[in-house]
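Throughout, protein chains are lettered first and strands after them, A, B, ... in sequence-line order, and every chain is numbered starting at 1.
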Amino acid sequence: MSQITLTFPDGNSRDVPAGITPGEVAADISKSLSKKAISATVNGEHFDLAWPIEADASIAINTMQDEAPALELIRHDLAHVMARAVQTVFPDVKVTIGPVRDFGWFYDFDRQEPFTPEDLGAIEAEMKKIINARDPVRTEIWDRDRVRQHYTDTDEPYKIELLDRIPGDEPIRMYWHGDWQDMCRGPHLQHTGQIPADAFKLTRVSSAYWLGDNTRPQLQRIYGVAFRNRDDLKKHQQFLEEAEARDHRRLGREMDLYHMQEEAPGQVFWHPNGWTIYTTLQDYMRRRQRAGGYVEVNTPQVVDRKLWEASGHWDKYQDHMFIVEVDEEHAREKAINALKPMNCPCHVQIFNQGLKSYRDLPLRMAEFGSCARYEPSGALHGIMRVRGFTQDDGHIFCTEDQIQDECAKFIAFLTETYADLGFESFDIAFATRPEKRVGSDESWDHVEGALEAAIKSTGNPYRVEEGDGSFYGPKLDFYLTDAIGRVWQCGTFQVDPNLPERLGATYIGEDSGKHRPYMLHRATLGSFERFIGILIENSAGRLPFWLAPQQVVVASIVSEADDYVHEVVAALTKAGVRASADIRNEKINYKVREHSLAKVPVILAIGRKEVEDRTVTLRRLGEKTTQVIELDTVTADLGMEATAPDLR
RNA sequence: GCCGCUGUAGCUCAGCUGGUAGAGCACAUCAUUCGUAAUGAUGGGGUCGGGGGUUCGAAUCCCUUCAGCGGCACCA
């Protein structure tokens, strides 16, 4: 038998017979390691302890101390354990697939009846039994025909379909957890007893399409979360509670920002508080865009379908557009219009007015464009996903040579904007051509190359998302991470050679001939509605002072202070602070509590002393301490704090 | 759009197997002028998402519809 050389993380190596398994290697090292071992990393690949190693390799034996492999195995084995438990409790259920996801895993089952929350309890109990039984996990490589025969015999059609999707050169592995068996690429733990029995939880049931395809059957999905120990599970549950406490739908009501109602699903009724945030943010963006060399425009809401046909949107998106029909009784002829779902075709119309010269490029056109999209009912979510929204939209008409510079300018613009809004960093994804697209492959080659060169030249790190581009061009997407680690896609920068072509945009070049401009679609916030939702959740309702709808409440302690309270409010208002008086006949405790719950960032309390000394006692939201400050000082300080960051 | 769940006072929620609805907070009135997260008393308020049906009788059962929630699919 031939010998191979294994190299360990500490640099030591040893010669062993080819075909040795990591489990045997671990046993060779020590008995305790052999018991603690969960898997190995062989040449960087996550390896089952039972898989043979055939050639020289680097090897590391993993234990529960190694977080990434440990979590992967725990969650993956739990998927199997759960599937086994489900088939024990409900023998008629067909198994499909159960991958590791997010904080746990899910597994899809084919079953007539949906699972109920009560079922989960029974399944969870059965899972604990399996774990306590410490059933050994065993693997074998089968050939295709044998697997096919097996799943034909056991009547598991989904498994056969999965089998057919495995590339021909991959080994087909069969795993046993005790006497329960599943086809799986592995790796897995040594035995079910290695799964921490107190660190997982089945969380919810739902349905999902087989293979994510909405023309295929719907399966019943069970989600679970799992960690290495109970504390981590608890921390995760606390994270979920934290996220719930920050939910913009809840804070939106508590802070009286907006409401929504049945008569206008997916559309926002902004209350004075919410609209203050909205307009403050919009004013800020307007100033920034002006400074960034954009001209602002505004375009119609109701536009004839002819334009949408020309742009290509009618073909692709008419099911998601609000169609407005005008019949012959009202017009000379029947007309079909659509509420605009985006602004770009209208911007091309403005560009097309009059002759444009190469000297006009780049032409940066911005609009706070109110759009309407008939989003599927199941997609609606608070103010994050709505049917009526306003984008901070912009289109840059430029030459190919200018793409790189515009890309760099935009990233700088976006970096500053995000920083002002409390997000210090972001991630960039470069999304390439999707399957369904317009334009030739040559054109895509060209444009993708130009955009990638542009992003490279800025020096910003980015990742590539194959096939995730727009149907008309590649794009960069910008992702923010919020205060509790959730990721939001907001900004976008898209190169589009197609729309100018379809809508006949041209400019006169230096050669006095007609040329086709490129169009760069770009947004920083995305939509005001959604971005405000993100701001609320990121700050847990404690918005930065300049964005807070109610910045200061001046609260009287005794009614003798009322006149001075009004004077303080007037002084603050004059300094540009959104301040209001609270001279109700209530105790200061009551007022502090109420305004704190409403997330007012600053409360100024006024009693006899303050009236006499012409001071205020200032208390910031969430702080227990107070400070006494001269009226003039507090007015100046808060006035500065209320100023938008770009004006300070 | 699909699957499941939910829909009772402004908010959060109770209301068992059908017999014309209840709590806390909020609100109003009165008293209290009280120094940093709820002062006390009294009082008003809903016909139970909409429509239809079963029944002597429905918030409670059935059908249908709308909306919301959790996923899936979608996201120009």
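Exactly one residue among A:Gln218, A:Gln220, A:Arg221 makes a side chain to side chain donor-acceptor pair (under 3.5 Å) with A:Ser207. That residue is A:Gln218. Checking A:Trp210, A:Phe109, A:Tyr107 one by one against A:Tyr158, the ring pair (Phe, Tyr, Trp, His ring centres under 6.0 Å) holds for a single residue, A:Trp210.
Remark: B:rA37 base-pairs with no nucleotide; criterion is Watson-Crick or G-U wobble with both hydrogen-bond distances under 3.5 Å. Under the Watson-Crick and G-U wobble criteria, each requiring two contacts below 3.5 Å, nucleotide B:rA14 is left unpaired. When Watson-Crick and G-U wobble pairs are counted only if both distances are under 3.5 Å, B:rA59 pairs with no nucleotide at all.
The base of B:rA37 lies close enough to the side chain of A:Arg619 for a donor and an acceptor atom to sit less than 3.5 Å apart. You'll find a donor-acceptor pair under 3.5 Å spanning the side chain of A:Glu610 and the base of B:rG35, going by distance alone. Scanning atom types as modelled, one donor and one acceptor separated by under 3.5 angstrom connect the side chain of A:Gln218 and the base of B:rC2. Under 3.5 Å, the side chain of A:Arg204 and the base of B:rC69 form no donor-acceptor pair of N or O atoms. A donor-acceptor contact under 3.5 Å is formed by the side chain of A:Ser207 with the base of B:rG71. Checked by distance alone, A:Tyr209 brings a side-chain donor or acceptor within 3.5 Å of a matching partner on the base of B:rG1. Side chain A:Thr626 to base B:rU36: no donor-acceptor pair is found below 3.5 Å.
A stacked arrangement is assigned to A:Tyr317 and the six-membered base ring of B:rA76, with a centre-to-centre distance below 5.5 Å and an interplanar angle below 30°.
Rounded to whole Å, the P atom of B:rA73 lies 47 Å from the corresponding atom of B:rA38. Rounded to whole Å, the separation between the P atoms of B:rC69 and B:rU12 comes to 13 Å. Of the C1' atoms belonging to B:rA76 and B:rC2, the separation is 23 Å, rounded to the nearest Å. Nucleotides B:rG10 and B:rG45, compared at atom C1', are 10 Å apart to the nearest Å. B:rU64 sits 16 Å from B:rG7 when the C1' atoms are compared, rounded to a whole Å.
Here A:Tyr258 and A:Tyr278 keep their ring centres 6.0 angstrom or further from each other.
What separates CD1 of A:Ile557 from P of B:rC34 is a distance of 10 Å, to the nearest Å.
For A:Glu254 and A:Arg250, the salt-bridge test passes: some basic side-chain N is under 4.0 Å from an acidic carboxylate O.
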